[in-house]
Structures are given as C-alpha cells and as structure tokens.
Amino acid sequence: MTQSIKFSRRTVLWLPVALAACQSRSNVIEMSGVTMGTTYKITAVDHKNAVTQAQAQDAVNMAFARVNTLMSNWDSNSEVSRLNAANAGQTMTVSPELAEVLQAANDINAASDGQFDVTLGPLIDLWGFGAKGTTSAAPSDAEIARVAAVTGQQDVLEIRGNQVRKHKNDATIYLSAIGKGFGVDAAGKALAELGLQDYMVEVGGDIVTAGKNPDGLDWRIGVETPLNASPALQQVAKLSNMGLATSGDYRNYFEQDGQRFSHILDAKTGRPVTHRTASATVLADNAMLADAWATAMLVLGKERGMEIAKEQNLAVLFIERGDSDFVTTASPRFQALQA
C-alpha cells in the first residue's frame, strides 16, 4: 500500500481491556497492520456474530486504500499530488472526500490565527521533514523567505465547494496533519456500515471510537509523557463516540550546534516552534478534527492555544516542559468531558 505521509510514533497508549467476560456473548474482532506510513490497531465488538474477520479486514483495507489514493503526498498519482502539479489559476474538481478535508482545513486555519496551514509543504520539505528526505542542517534566512513566499493558506489556495485553485505554481498542499485523522474516520465508517457499532480505530496515535469497549465501558486511552525514550503514562482519557489525537514536538526533530529543531513549524515565521509546550491532545467529534486541532494547538502553544480552546469550546490537554518536570493543563471542555 502506498505510504501517504511520514508520521512519528504514536503518543497515546492503549489500555488493556478484559475480554473473557464478553467473548462468550459477542465476537471481538481485532486487526492490526501498516497503513499511511505508520501502524494501525483496531478492536470491534460484533454483538450479533454476523461479521467475519475477513469481512472487517477487507472493509478497513478498502477505506485506507481510498484515502491513500486521494491524499498521499508520497504517491505522484494521488489526487492531492495532481492538485499540487496543477498550474496556478487552473481550477480542479476534487472528490467529495478531499473537498471535505480541505474545507475543514480552511475553517481551522481561520480559527487558529492561521497556524494550521496545509500549504506549508515546501517549508516542511526545506526543513527535512517531508517527502523529499531528511536534513541535519537548518536552512538559511534567505531560503526560508524564498520558500515561505509560496505558502499561506488564505493567500495561495482557493476552495469553493469541490472546486480548488492554486494562486501560485509552486504552492503545495500537504495533508500530514489532517489526512491521517480522516483515514481513521473512514475506517470507522467502514466498520459501522458492516453493522459494528462498538469499535476503536487507531492509526499512528490518531483514534476514533464508537460505543463501548468489550467490557461495556467507555474506551480509555493513555496519553504519554513527552519523553524521547521510556514513555510513561501522563493522563488517562475516557473516549466514547469521539476522536482523539496528540501532536508532540519530541519524536521528529534534528539537532545542530546544540540547538533542537522540531518538525512543528510556526506558519508565521517558517521556523520550528520554540515555546515550552511539548504536546497537545485534542478530543473532538471525529479524528480528522482532533488531528488538525492537535497540530494547531501545539503550534500555538499553551498560552494562545488555551485562549482559542476556550473561544472554540475545544477539549485540549497541554503538556509543557517545566523547570524540573512536565506540567499538564486542561481546557474547561476537556475537564468537563473527563469528569
């Protein structure tokens, strides 16, 4: 399967459930594998014993393949790659799925001070975090300025329904911070179409859940402490009929002359963020929104991010680097959902 995006390791931990009590009544379907450049795990409860493992696996495979075909920056024949190759001023009619993702990206861009931006692909590549390969050296100010000239979602990308137009030839749409979440939701919908109403889908740390876990309880997810090695449990989140995503700056980075450069780029400066926020976890109606907002919140940092979280009634958990330990701060909506 074509890789769509290069993702860092997951930043959530699956918490075990006891299966013995329910297996005599319902079939528990478990699947795992590789998709979109990362790994996935799925658990679904079939109360009617009407869905086979093969049927569930085929449905999930088709959903993932469809998302890759539309949104892979690694596949030159994908829909987003064809859009990236289009000339400035050329209007392209895109699929309903890509239109949905791009419209959501536009809405979140407008609500996040422009810090969620799917046109940062050229800058992501320049810093060595994209499809063109890695680097161990920071680009020059002149290089950043030159590449930044073809970024800026509101300036270089026009979206009208399923009609999309770029205003600059070198503008590139990069869906690493929203496409994976959409893929998670697509797999969940595929399971629901089979009649499975209780499931958890996790792809590279992005999660969507429906109903209850095999024990009949809310699904429970552990959020990791932002450490490069030996991750530990920082917080447990209850999750039912929602999406969850965590964005962190501590797994994908390089160092030069003692300075650390993470893959999380500030859309205003074209440079990696420098604040003390190490990760942001978001609960939302679906994994696509959680995925995008987690990135936006990490770029914004806790101070401005918390202001926007309150304005937008978003459920966000920030983890910051303190003087000697990590400091966790939850938005009012996150606290309410976990009460």
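In this text, all values refer to a predicted model and were calculated from it rather than measured experimentally.
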Contact between [X] and [Y] at the side-chain level, heavy atoms closer than 4.5 Å - yes or no?
X    : Y    : value
V34  : Y40  : no
I144 : L123 : yes
K238 : L337 : no
Y174 : I124 : yes
T91  : V164 : no
V203 : T35  : yes
T43  : P214 : yes
R220 : N213 : no

Could you tell me if [Y] and [X] have a donor-acceptor pair between their side chains, going purely by distance under 3.5 Å?
X    : Y    : value
H167 : D155 : no
S78  : S72  : no
E79  : T69  : no

Flag, side chain of [X] to backbone of [Y], donor-acceptor distance under 3.5 Å:
X    : Y    : answer
H275 : L298 : yes
W293 : L283 : no
Q163 : R160 : no
Q338 : Q335 : no
S331 : M306 : no
D266 : R271 : no
D113 : Q115 : no
D46  : V51  : yes
K168 : A171 : no
R276 : R321 : yes

*With sequence neighbours left out, what residues match S32 under side chain to side chain donor-acceptor pair (under 3.5 Å)?*
none
*With sequence neighbours left out, write down each residue that passes side chain to side chain donor-acceptor pair (under 3.5 Å) with D117, or none if nothing qualifies.*
T119
To the nearest 0.5 Å, tell me how far [X] [atom1] sits from [Y] [atom2].
X    : Y    : atom1 : atom2 : value
I29  : Q53  : CD1   : CD    : 6.0 Å
L300 : F116 : CG    : CZ    : 11.5 Å
T277 : M297 : OG1   : CE    : 11.0 Å
I159 : L102 : CD1   : CG    : 4.5 Å
D58  : T52  : CG    : OG1   : 7.5 Å
L265 : T295 : CG    : OG1   : 11.0 Å

*Consider only side-chain heavy atoms of I, L, V, M, F, W and Y, link residues closer than 4.5 Å, and tell whether L83 and L70 are in one cluster.*
yes
*Treat each ILVMFWY residue as a node, draw an edge where side-chain heavy atoms are under 4.5 Å apart, and state whether F334 and W219 are in one component.*
yes
*Identify whether the distance between the nearest side-chain nitrogen and carboxylate oxygen of E320 and K302 falls below 4.0 Å.*
yes
*Carefully, step by step, assess I207 and M200 under the rule side-chain contact (heavy atoms from CB on, under 4.5 Å).*
CA-CA 7 Å; I207 292 174; M200 174 189 286; 3.9 Å; yes
*Go through the steps to decide whether Q154 and N106 satisfy the test side-chain contact (heavy atoms from CB on, under 4.5 Å), and finish with yes or no.*
CA-CA 8 Å; Q154 297 299 324; N106 246 18; 3.9 Å; yes
*What's the verdict on side-chain contact (heavy atoms from CB on, under 4.5 Å) for L191 and V201, showing C-alpha distance, side-chain angles and the deciding distance?*
CA-CA 10 Å; L191 295 174; V201 178; 3.9 Å; yes
What is the minimum heavy-atom distance between [X] and [Y], and which atoms define it?
X    : Y    : result
L196 : A44  : CD1-CB, 4.0 Å
V282 : A290 : O-CB, 3.6 Å
V101 : M71  : CG2-CE, 3.5 Å
A294 : A245 : CB-O, 3.6 Å
I308 : A111 : CG2-O, 3.5 Å
A105 : V118 : CB-CG1, 3.7 Å

*Pairwise salt bridge (charged side-chain N to carboxylate O under 4.0 Å, His left out) hits with a residue in residues 80-98, at least two apart*: R66-E97
*Verdict with supporting geometry, M288 and D291, side-chain contact (heavy atoms from CB on, under 4.5 Å)*: CA-CA 5 Å; M288 176 188 70; D291 191 11; 5.7 Å; no
*Please say whether more than 12 non-hydrogen atoms of neighbouring residues, nucleotides or ligands are located less than 6.0 Å from CG in D285.*
no
*Is Q57 atom CD crowded by more than 12 heavy atoms from other residues, nucleotides or ligands, each under 6.0 Å away?*
yes
*asked:* Could you go through D206 and K180, starting from their C-alpha distance and side-chain angles, then the distance that decides it, and tell me whether this counts as salt bridge (Lys or Arg N to Asp or Glu O under 4.0 Å)?
replied: CA-CA 7 Å; D206 287 2; K180 178 160 63 86; 3.3 Å; yes
